[in-house]
Chemist: 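The structure's right below; bear with me while I get my questions together.
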Amino acid sequence: MGNGVYRMAQPEAAHKLNLPTGVSLGRAIRALRTEKLLSLSQLALAASIDKGYLSRVERGLKVPSVAIILRISTVLEVSAAQLFGAAENHELLFVTRADDRNDLTADDGNYHMRLLTQSDGSSGLEVFLMFPPDTLRDEPEAEHRGEELLFVVEGQVEINFPNDNLVLNKGDSVQFPGPLRHQVRRLVEGSCVLIAVSGP
């Protein structure tokens with residue numbers, strides 16, 4: 001490469017665990033939990049989630065919401081990127097291609113998520129593409145650190161807050177504190193939401 005051209009990072013294995021590219025989110029969580037010498041019950045309690053639900057996540061039967069992923073990553077002291085099996089190689093440029101099938105995704109048949117950022121948490125920014133389910137999921141209402149912004153890329157979604165229900169159409173967005181509990185469902189098939197989370 002010529003001078004002034006930076007090498008673009010490619011999704012690789014998380015360096016701490018040597019996880020293969022494409023490893024499932026659940027397997028990565030289980031491996032990191034084991035490395036930290038935490039039982040299923042201990043991680044569930046620390047992340048404020050149900051033990052049975054966490055077990056289903058680890059077995060790949062459920063994909064947790066962004067909020068729960070952030071809570072689990074905080075307890076395990078890793079970034080969301082490591083939970084998705086991305087390397088923490090901190091290149092200046094990190095590119096995810098639209099047609100790359102070997103990207104950082106999680107899917108349980110009803111709920112699909114894709115991680116767009118490589119981060120160790122120090123930058124305070126983690127961004128996801130989310131294809132929400134058509135009904136509210138059977139899991140705790142989402143709450144997490146920092147600030148969150150939702151932008152509807154396609155379709156129409158409903159966001160349930162403790163004291164408000166908000167409908168957003170394509171091109172609409174909402175910003176709110178992460179600790180404000182919320183759940184998202186699609187009102188139109190194929191709806192897609194960009195989620196940006198920032199802050200400590």
Chemist: Measuring only between side-chain heavy atoms, which start at C-beta, is L76 closer than 4.5 Å to L83?
Modeler: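 In short, these two side chains touch, coming nearer than 4.5 Å.
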Chemist: Looking at A196, is its backbone amide N or carbonyl O close enough to the side chain of E126 to form a donor-acceptor pair, meaning the two atoms are under 3.5 Å apart?
Modeler: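 Judged by distance alone, no pair lies under 3.5 Å.
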Chemist: Taking ring-ring contact (aromatic ring centres under 6.0 Å, His included) as the test, write out the residues that go with F151, two or more places apart.
Modeler: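 Listed in chain order: nothing, the list is empty.
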Chemist: Are F161 and L168 linked, directly or through other ILVMFWY residues, by side chains that come within less than 4.5 angstrom of each other?
Modeler: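 Yes, F161 and L168 fall within the same hydrophobic cluster.
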Chemist: How are the rings of H182 and F176 set to each other: parallel, tilted or perpendicular (split at 30° and 60°)?
Modeler: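 Rings of H182 and F176: perpendicular, over 60°.
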Chemist: Using side-chain heavy atoms (C-beta onward) and a distance below 4.5 Å, is D134 in contact with N110?
Modeler: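 Yes, their side chains come closer than 4.5 Å.
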Chemist: Look up atom CG in L194 and atom CG in L149, then write down how far apart they are to the nearest 0.5 Å.
Modeler: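 Result: 7.5 Å between the selected atoms.
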Chemist: Would you check if S73 and Q82 make a side-chain contact, meaning some heavy-atom pair closer than 4.5 Å?
Modeler: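 No, side chains not in contact.
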Chemist: Kindly indicate whether the side chain of N165, heavy atoms from C-beta on, has any atom under 4.5 Å from the side chain of I159.
Modeler: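 When only atoms from C-beta onward are counted, I159 and N165 do not touch, as no gap falls below 4.5 Å.
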Chemist: Examine L166 and V152 and state if one hydrophobic cluster contains both, with Ile, Leu, Val, Met, Phe, Trp and Tyr joined whenever side-chain heavy atoms are less than 4.5 Å apart.
Modeler: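 Yes, L166 and V152 fall within the same hydrophobic cluster.
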Chemist: S41: what forms a side-chain hydrogen bond (donor to acceptor under 3.5 Å, both in side chains) with it, not counting sequence neighbours?
Modeler: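 Expected list: K51.
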Chemist: Would you call F128 and R114 a side-chain contact if the rule is heavy atoms closer than 4.5 Å?
Modeler: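 No, side chains not in contact.
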Chemist: Taking salt bridge (Lys or Arg N to Asp or Glu O under 4.0 Å) as the cut-off, I'd like each qualifying pair that reaches into residues 52-65, sequence neighbours left out, listed once.
Modeler: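 Found R33-E58.
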Chemist: Among residues at least two apart in sequence or on other chains, which ones pass side chain to side chain contact (heavy atoms under 4.5 Å, CB included) with N163?
Modeler: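 For N163, no residue satisfies side chain to side chain contact (heavy atoms under 4.5 Å, CB included) once neighbours in sequence are set aside.
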Chemist: S173: what forms a side-chain hydrogen bond (donor to acceptor under 3.5 Å, both in side chains) with it, not counting sequence neighbours?
Modeler: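 Counting only residues at least two positions away or on another chain, S173 forms no side-chain hydrogen bond (donor to acceptor under 3.5 Å, both in side chains).
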Chemist: Between atom CD of Q183 and atom OG1 of T135, what is the distance when rounded to the nearest 0.5 Å?
Modeler: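 One gets 10.0 Å once the value is rounded to the nearest 0.5 Å.
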Chemist: Could you tell me if the side chain of L136 sits less than 4.5 Å from the side chain of N160, heavy atoms only?
Modeler: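 Yes - at least one pair of side-chain heavy atoms lies under 4.5 Å apart.
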Chemist: How far does CG of L38 sit from CZ of R30, to the nearest 0.5 angstrom?
Modeler: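 Answer rounded to 0.5 Å: 14.5 Å.
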Chemist: Is there a path from L43 to L40 through hydrophobic residues (I, L, V, M, F, W, Y) whose side chains come within less than 4.5 Å of each other?
Modeler: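 Linked, L43 and L40 end up in one cluster.
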Chemist: I need the minimum non-hydrogen distance between T117 and V127, along with the two atoms involved.
Modeler: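 Closest heavy-atom pair between T117 and V127: OG1-N, 3.0 Å.
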Chemist: Less than 4.5 Å apart, any side-chain heavy atom of L54 and any of I72?
Modeler: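 Counting from C-beta outward, L54 and I72 do come under 4.5 Å.
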Chemist: Is there a donor-acceptor pair closer than 3.5 Å between any side-chain N or O of R186 and the backbone N or O of C192?
Modeler: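 No, the answer is negative, given that no donor and acceptor are paired below the 3.5 Å cut-off.
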Chemist: For V197, give me all partners under side chain to side chain contact (heavy atoms under 4.5 Å, CB included), at least two apart in sequence or on another chain.
Modeler: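 With sequence neighbours excluded, V197 shows a side chain to side chain contact (heavy atoms under 4.5 Å, CB included) to V66, L70, H144, R145, E148, I195, given in chain and number order.
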Chemist: Looking at every non-hydrogen atom in both residues, tell me the closest pair between G155 and S191 and how far apart they are.
Modeler: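 Shortest heavy-atom contact: CA-OG, 3.5 Å.
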Chemist: Considering residues at least two apart in sequence or located in another chain, which fulfil the ring-ring contact (aromatic ring centres under 6.0 Å, His included) criterion with F131?
Modeler: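 Expected list: H112.
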Chemist: Partners of K170 by side chain to side chain contact (heavy atoms under 4.5 Å, CB included), sequence neighbours excluded?
Modeler: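 For K170 the side chain to side chain contact (heavy atoms under 4.5 Å, CB included) partners, ignoring immediate neighbours, are E154.
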Chemist: Taking only residues two or more places apart in sequence or in another chain, which ones pass side chain to side chain contact (heavy atoms under 4.5 Å, CB included) with L187?
Modeler: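 Expected list: Q156, E158, V167, R185.
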Chemist: Considering all heavy atoms of both residues, which atom of V57 and which atom of P64 are nearest to each other, and what is their separation?
Modeler: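 Looking at all heavy atoms of both residues, the closest pair is CG1-CD, 3.8 Å.
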Chemist: Roughly how far, to the nearest 0.5 Å, is CG of L25 from CD1 of I69?
Modeler: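 Atom-to-atom, I69:CD1 and L25:CG are 5.0 Å apart.
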Chemist: Under 3.5 Å, is there a donor-acceptor pair between the side chain of D172 and the main chain of N169?
Modeler: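 Looks like yes, one N/O pair under 3.5 Å.
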Chemist: So, do I68 and Y53 sit near enough that their side-chain heavy atoms are less than 4.5 Å apart?
Modeler: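 Sidechains of Y53 and I68: in contact.
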Chemist: Would a distance-only check, ignoring hydrogens and angles, find a side-chain to backbone donor-acceptor pair under 3.5 Å from Q42 to S39?
Modeler: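 Here the side-chain-to-backbone pair exists.
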